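Note that the structure is predicted; figures quoted are calculated from it, not measured.
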Amino acid sequence: ATGERILRTVQRIKGDEKMPVLLGGEHTLTYFAAQAFDDVFVVQLDAHRDLRDEYLGDKICHATVMRRVLDFLPPERLVQVGVRSCSKEEAEFAREAKILAYSSEQVIDDASRIIAEVRKLVGKARVYLTIDLDVLDPAFAPGVATPEPGGPSTVEISRLVRELGKLNICAFDVVELVPPHDDGTAAFAAAKIIYELLAAIASSSK
C-alpha cells in the first residue's frame, strides 16, 4: 500500500510537470518511484549494488531494490557509482547482465572520466538519480543504515553531484538517512548534496 501511494504521488507530481524529489528513508522507495517514468536511465550512487534477488526472505527491500528495478528496466539503463561491497550472487548477476559500475576508488581517483562516460552513455535521455547516503565514507555520514568504510568524502560526492545534475534529471531521491544513528553529520551531508544537486539542475535548465 505504501509503495502504491509513492507511485501515485510521483505520477501526480510528474503530471503537473514538476520534478519529484523523494527524501528518506528506506531505499525501496526508488523501486516504486522509478516506475512512473518510461525510457529512463537510473544512475545510482551507492556503496552497495542492491542486486540480490531476495534478502532475509524479502523480495522487495533495500538489498534487492535495484534487482527489482531491473524487472521493468533494461540492465544497460542502470549505472552504479561508488560501489565497494556486494555478494557473490550480485557480482555474478551484474557480470552476466553487463551492468555498468564504478567503484568508490574510481570516484575518488578519476571522477572526471566517470562523468564523461556517463554523459556519453545517457546523452539527452531522462535520468532518475538515486543517492544512498552510504555512498559516503562513514566518517562523513555515520547515520546510515549500512555504513561501508572506504568511500569518498562529502567534497568528492558534491563535485560528482554538481556534474550529474547537468544531465536531464527527471527525478531524484536521497535515501537511507537514519537519524537515531546520526550525530547530525549525515543530515548535514544530505542537505549539502541536495543543495548542490538543485543548484546544478536549476542552472542547467536555463
Side-chain angles (χ1 to χ4, degrees), residues 2-4 6-7 10 20-107 114-115 117-118 121-122 125-136 141 144-148 150-152 157 160-161 164 167-178 190 193 197:
T2 299
E4 292 174 358
I6 291 170
L7 175 56
V10 171
V21 175
L22 296 89
L23 307 179
E26 231 272 0
H27 204 167
T28 307
L29 65 82
T30 303
Y31 166 68
F32 300 104
Q35 291 181 57
F37 301 92
D38 299 319
D39 301 322
V40 70
F41 279 86
V42 172
V43 177
Q44 171 197 6
L45 273 59
D46 202 319
H48 309 90
R49 305 204 75 157
D50 298 343
L51 290 172
R52 296 173 188 262
D53 191 42
E54 70 171 43
Y55 182 67
L56 300 178
D58 289 331
K59 296 283 284 188
I60 301 178
C61 68
H62 68 92
T64 69
V65 58
M66 290 302 141
R67 184 69 168 264
R68 297 287 75 83
V69 165
L70 295 183
D71 288 342
F72 60 85
L73 191 77
E76 62 269 19
R77 284 185 170 261
L78 173 61
V79 181
Q80 301 185 307
V81 181
V83 173
R84 54 189 181 275
S85 175
C86 73
S87 67
K88 181 180 179 182
E89 171 205 349
E90 291 174 293
E92 291 174 349
F93 175 82
R95 185 168 55 251
E96 292 172 4
K98 298 180 180 178
I99 295 169
L100 179 61
Y102 298 94
S103 69
S104 57
E105 288 86 355
Q106 289 173 299
V107 172
I114 294 174
I115 292 297
E117 291 179 0
V118 171
L121 172 68
V122 170
R126 292 183 300 173
V127 173
Y128 184 111
L129 179 62
T130 177
I131 303 172
D132 186 326
L133 289 170
D134 70 25
V135 70
L136 290 159
V144 297
T146 49
E148 192 68 43
I157 287 296
L160 187 65
V161 162
L164 292 175
L167 300 173
N168 184 17
I169 305 292
C170 62
F172 73 85
D173 63 52
V174 179
V175 297
E176 293 293 329
L177 178 65
V178 184
I193 289 168
L197 184 52

| Nearest heavy atoms of R84 and L136, plus distance in Å | NH2-O, 3.1 Å

| Spacing of CD1 belonging to I131 relative to CG belonging to L23, to within rounding of 0.5 Å | 10.0 Å

| task | Search all heavy atoms of A101 against all heavy atoms of Q106 and return the closest pair with its distance. | result | O-OE1, 4.2 Å

| remark: Heavy-atom closest pair (R67 atom, L51 atom, distance to 0.1 Å) is NH1-O, 2.9 Å

| request: Over 60° means perpendicular and under 30° means parallel, so classify the ring planes of Y55 and H62, tilted if in between. | output: perpendicular

| said: With rounding to the nearest 0.5 angstrom, report the OG1 to CG distance, T64 to D50. | reply: 8.0 Å

| Audit row: D53, R68, salt bridge (charged side-chain N to carboxylate O under 4.0 Å, His left out) steps and yes/no | CA-CA 8 Å; D53 191 42; R68 297 287 75 83; 2.9 Å; yes

| note | Taken in chain and number order and not counting sequence neighbours, the residues that satisfy salt bridge (Lys or Arg N to Asp or Glu O under 4.0 Å) with E117 are R113

| query | With L45, which of T130, D132, L129 fulfils side-chain contact (heavy atoms from CB on, under 4.5 Å)? | reply | L129

| task | Show the numbers, then the answer: is there a side-chain contact (heavy atoms from CB on, under 4.5 Å) between V79 and Y102? | result | CA-CA 8 Å; V79 181; Y102 298 94; 4.1 Å; yes

| query | Just how far is it from atom CD1 of I157 to atom OG of S104, taken to the nearest 0.5 Å? | reply | 9.0 Å

| request: Kindly give the heavy-atom pair with the smallest separation between Y31 and I60, and that separation in Å. | output: CE2-CD1, 3.9 Å

| query | Do D46 and V83 pass the side-chain contact (heavy atoms from CB on, under 4.5 Å) test, and can you show the C-alpha distance, the side-chain angles, and the key distance before you say yes or no? | reply | CA-CA 6 Å; D46 202 319; V83 173; 5.6 Å; no

| task | Kindly give the heavy-atom pair with the smallest separation between L133 and V144, and that separation in Å. | result | CB-CG1, 3.7 Å

| request: Give, for atom NZ of K98 and atom CG of L78, the distance between the pair rounded to the nearest 0.5 Å. | output: 15.5 Å

| query | Given the rule in the side-chain contact (heavy atoms from CB on, under 4.5 Å) test, do L167 and V118 qualify, once you have shown the distances and angles that lead to the verdict? | reply | CA-CA 9 Å; L167 300 173; V118 171; 4.0 Å; yes

| message | Nearest 0.5 angstrom please: F93 CZ to I99 CD1, how far? | response | 5.0 Å

| query | About how many Å separate CG of D134 and NE2 of H27, when rounded to the nearest 0.5 Å? | reply | 8.5 Å

| message | As a test of understanding, state which of E90, E89, Q80 forms a side chain to side chain donor-acceptor pair (under 3.5 Å) with R49. | response | Q80

| message | Which heavy atom of P75 sits nearest to which heavy atom of A97, and what is that distance? | response | CB-O, 3.6 Å

| Hey, does V135 have a side-chain heavy atom less than 4.5 Å from the side chain of V81? | no

| query | Residues in side-chain contact (heavy atoms from CB on, under 4.5 Å) with P20, at least two apart? | reply | V10, I13, L22, F37, A171

| Pick one: which of L73, T30, V43 meets side-chain contact (heavy atoms from CB on, under 4.5 Å) with Y128? | T30

